[in-house]
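In what follows, a structure is listed as structure tokens, so that the remarks can point back to it.
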Amino acid sequence: MDFSSQNIMQWSRLGMRKAYGAVLNELANDHGDLVSIAADVADSANLYDFARNHPERHFNAGISEQNMVAMAAGLAKEGGNVFVTSFAPFVSLRGYEAIRTLICYMNLNVKIAALSSGFSLGVQGATHYALEDMAIMRAIPNLLVLSPADTTEMAKAMEYLADYEGPAYLRITGLPGSAAVYRADYAYDVNRLNIVREGTDVGIFATGTLVNESVRAARLLSKNGINPAVVNLSTLNPVKSDEIAAECLKYKLVMTVEEHNIVGGIGSIVSEALAGTMKHPKLVRMGTTDDNHRVGNYSYMMEKNGLSAKAISMRVESIFSKMDL
């Protein structure tokens with residue numbers, strides 16, 4: 001893979017959804033067994049170059065996620081290194097049984113790319129919001145679940161997945177022009193926590209594009225005398241519970257921030273990690289709730305759900321100021 005500054009800038013402009021297709025096309029040049037199946041999302045996922053360059057390895061399954069997963073299972077059984085692509089709410093919910101039974105039960109080499117998770121599809125509404133996918137996917141045995149923070153981490157995760165033998169779910173969030181968190185020299189490792197910003201007072205655990213929002217929130221908090229760390233929790237299954245618990249114990253307050261329901265996401269992951277400790281810091285989970293959501297554009301939905309940098313910083317400051325330290 002070419003992680004030149006030019007490529008990273010281009011990927012960032014495209015956003016994770018469009019950069020996915022560009023990266024997959026590059027990976028196919030070096031992986032002759034790599035196959036792409038899309039659920040009528042070649043335009044959304046920027047897969048046209050892949051389809052032109054590797055026509056014998058690209059298939060359109062139509063708007064039929066379960067069939068797409070079944071096709072992937074068959075191709076994987078014949079030695080294919082299969083990447084399937086659809087929008088996150090459809091591939092995770094409609095495709096769930098097929099992913100669990102046809103892919104993960106048999107531990108097949110299929111990678112599921114879940115486009116536009118969270119609120120990324122904006123005004124298309126609640127039917128198109130993927131706010132449960134982390135919870136259901138991380139409950140499936142044998143399934144590696146990844147949630148990259150930016151396009152650079154996504155490209156490195158895809159490079160890893162192209163060599164990985166087994167099922168995986170790649171959660172893709174954000175919009176075109178999302179800010180970069182990492183540069184080319186970022187050493188991607190699915191087996192470790194990544195500390196994006198060092199701090200002492202508050203540990204903010206985030207995933208997906210909310211890592212950048214959390215970094216921005218940390219800068220705002222530092223102006224008011226609070227020194228937060230930001231931890232990128234990009235591997236959601238399997239998790240290193242001992243490492244998460246040890247990291248949490250460094251702080252007076254731990255916040256989890258996610259574009260997902262607080263039930264079953266990284267708030268639950270951190271809670272589960274701390275459940276076995278006798279004493280731990282106060283934990284506050286930030287994310288969406290069980291309420292049905294009104295429709296709005298991406299920035300509106302993020303603000304309404306308290307997930308903007310300003311909202312995160314205000315919540316942290318409010319809680320931290322009331323703590324008996």
Side-chain angles (χ1 to χ4, degrees), residues 12-21 38-46 62-66 68 85-96 112-138 145 147-151 154 169-179 206-214 216-217 236 255-268 284-315:
S12 293
R13 284 194 295 269
L14 290 171
M16 278 197 243
R17 189 173 93 188
K18 293 281 189 181
Y20 168 81
D40 209 22
V41 293
D43 182 54
S44 296
N46 193 23
I63 303 174
S64 179
E65 281 76 15
Q66 285 191 333
M68 176 179 69
T85 314
S86 184
F87 289 116
F90 310 135
V91 72
S92 65
L93 298 175
R94 293 177 182 172
Y96 179 79
I112 299 110
L115 306 177
S116 298
S117 196
F119 291 116
S120 301
L121 291 176
V123 295
Q124 294 186 58
T127 57
H128 286 57
Y129 298 155
L131 303 169
E132 314 87 1
D133 58 325
M134 283 197 276
I136 63 175
M137 288 298 157
R138 75 181 189 90
V145 182
S147 175
D150 67 357
T151 54
M154 184 193 73
Y169 181 85
L170 181 68
R171 189 175 198 252
I172 294 171
T173 54
L175 299 179
S178 296
T207 192
T209 49
L210 278 174
V211 173
N212 180 63
E213 290 296 313
S214 298
R216 292 176 58 213
L236 308 176
M255 306 285 293
T256 59
V257 184
E258 56 192 314
E259 198 177 334
H260 186 273
N261 194 308
I262 60 171
V263 176
I266 66 167
S268 292
V284 177
R285 296 175 298 162
M286 296 182 67
T288 68
T289 66
D290 291 330
D291 298 333
N292 288 323
H293 299 281
R294 293 183 179 181
V295 176
N297 65 29
Y298 185 70
S299 60
Y300 170 80
M301 296 305 294
M302 296 293 277
E303 191 67 47
K304 182 177 180 290
N305 286 275
L307 298 174
S308 66
K310 182 179 178 182
I312 295 166
S313 65
M314 289 175 64
R315 183 84 183 277

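Contacts of Ser268 classified as side-chain hydrogen bond (donor to acceptor under 3.5 Å, both in side chains), with partners at least two apart in sequence or in another chain: none. Residues passing the ring pair (Phe, Tyr, Trp, His ring centres under 6.0 Å) test with Phe90, sequence neighbours excluded: His128. Take Glu213 and apply the side-chain hydrogen bond (donor to acceptor under 3.5 Å, both in side chains) test, not counting sequence neighbours, and it matches Arg216.
Side-chain contact between Pro148 and Leu170: present, with at least one pair of heavy atoms (C-beta onward) separated by less than 4.5 Å. Side chains of Thr288 and Met301 form no contact here, defined as non-hydrogen atoms less than 4.5 Å apart. Using a 4.5 Å heavy-atom threshold, the side chains of Met137 and Tyr96 count as touching. Taking 4.5 Å as the limit, some side-chain heavy atom of Leu93 sits within range of a side-chain heavy atom of Ile136. Side-chain contact between Thr151 and Ser178 is absent, with no heavy-atom pair separated by less than 4.5 Å. A heavy-atom distance below 4.5 Å is found between the side chains of Met302 and Leu210.
The two atoms that bring Leu307 and Ile312 nearest to each other are O-CD1, 3.7 Å, heavy atoms only. The heavy-atom pair separating Ala179 from Asp150 by the smallest distance is O-CB, 4.1 Å. When every heavy atom of Thr85 is checked against every heavy atom of Ala45, the shortest pair comes out as CG2-CB, 3.9 Å. Across every non-hydrogen atom of Ala130 and Ala88, the tightest pair is CB-CB, 3.6 Å. Scanning all heavy atoms of the two residues, the minimum distance from Met68 to Ser86 falls at CE-CB, 4.0 Å.
Rounded to the nearest 0.5 Å, atoms OG (Ser92) and CE (Met134) are 11.5 Å apart. Note that OH of Tyr20 is 6.5 Å distant from CD1 of Ile172, once rounded to the nearest 0.5 Å. Put simply, CD on Glu303 and CG on Asn297 are 11.0 Å apart, with the number rounded to the nearest 0.5 Å. To the nearest 0.5 Å, atom CG of residue Leu14 and atom CG of residue Leu175 are 13.0 Å apart. To the nearest 0.5 angstrom, Tyr169 atom OH is 13.5 Å from Arg138 atom CZ.
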Pair His260, Asp133 - check side-chain contact (heavy atoms from CB on, under 4.5 Å), show working.
CA-CA 8 Å; His260 186 273; Asp133 58 325; 3.7 Å; yes

Steps toward side-chain contact (heavy atoms from CB on, under 4.5 Å) verdict (Val295, Tyr129)
CA-CA 10 Å; Val295 176; Tyr129 298 155; 4.3 Å; yes

Could you please spell out the steps behind the side-chain contact (heavy atoms from CB on, under 4.5 Å) verdict for Val91 and Gln66?
CA-CA 8 Å; Val91 72; Gln66 285 191 333; over 6 Å; no

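In this structure, Arg285 contributes its side chain and Glu258 its backbone to no donor-acceptor pair below 3.5 Å. Panel note: side chain Lys304, backbone Ser299; no donor-acceptor pair is recorded below 3.5 Å. No donor-acceptor distance shorter than 3.5 angstrom exists from the side chain of Glu65 to the backbone of Arg94, with no hydrogens or angles considered. Between the Asn261 side chain and the Val263 main chain, a donor and an acceptor come within less than 3.5 Å of each other.
Applying the side-chain hydrogen bond (donor to acceptor under 3.5 Å, both in side chains) test between Ser147 and each of Thr209, Thr207, Thr173 identifies Thr207 as the sole match. When Ser120, Ser116, Ser117 are each tested for a side-chain hydrogen bond (donor to acceptor under 3.5 Å, both in side chains) with Arg17, only one passes: Ser116.
Taking the six-membered ring for Trp, Tyr298 and Phe119 have ring centres at least 6.0 Å apart.
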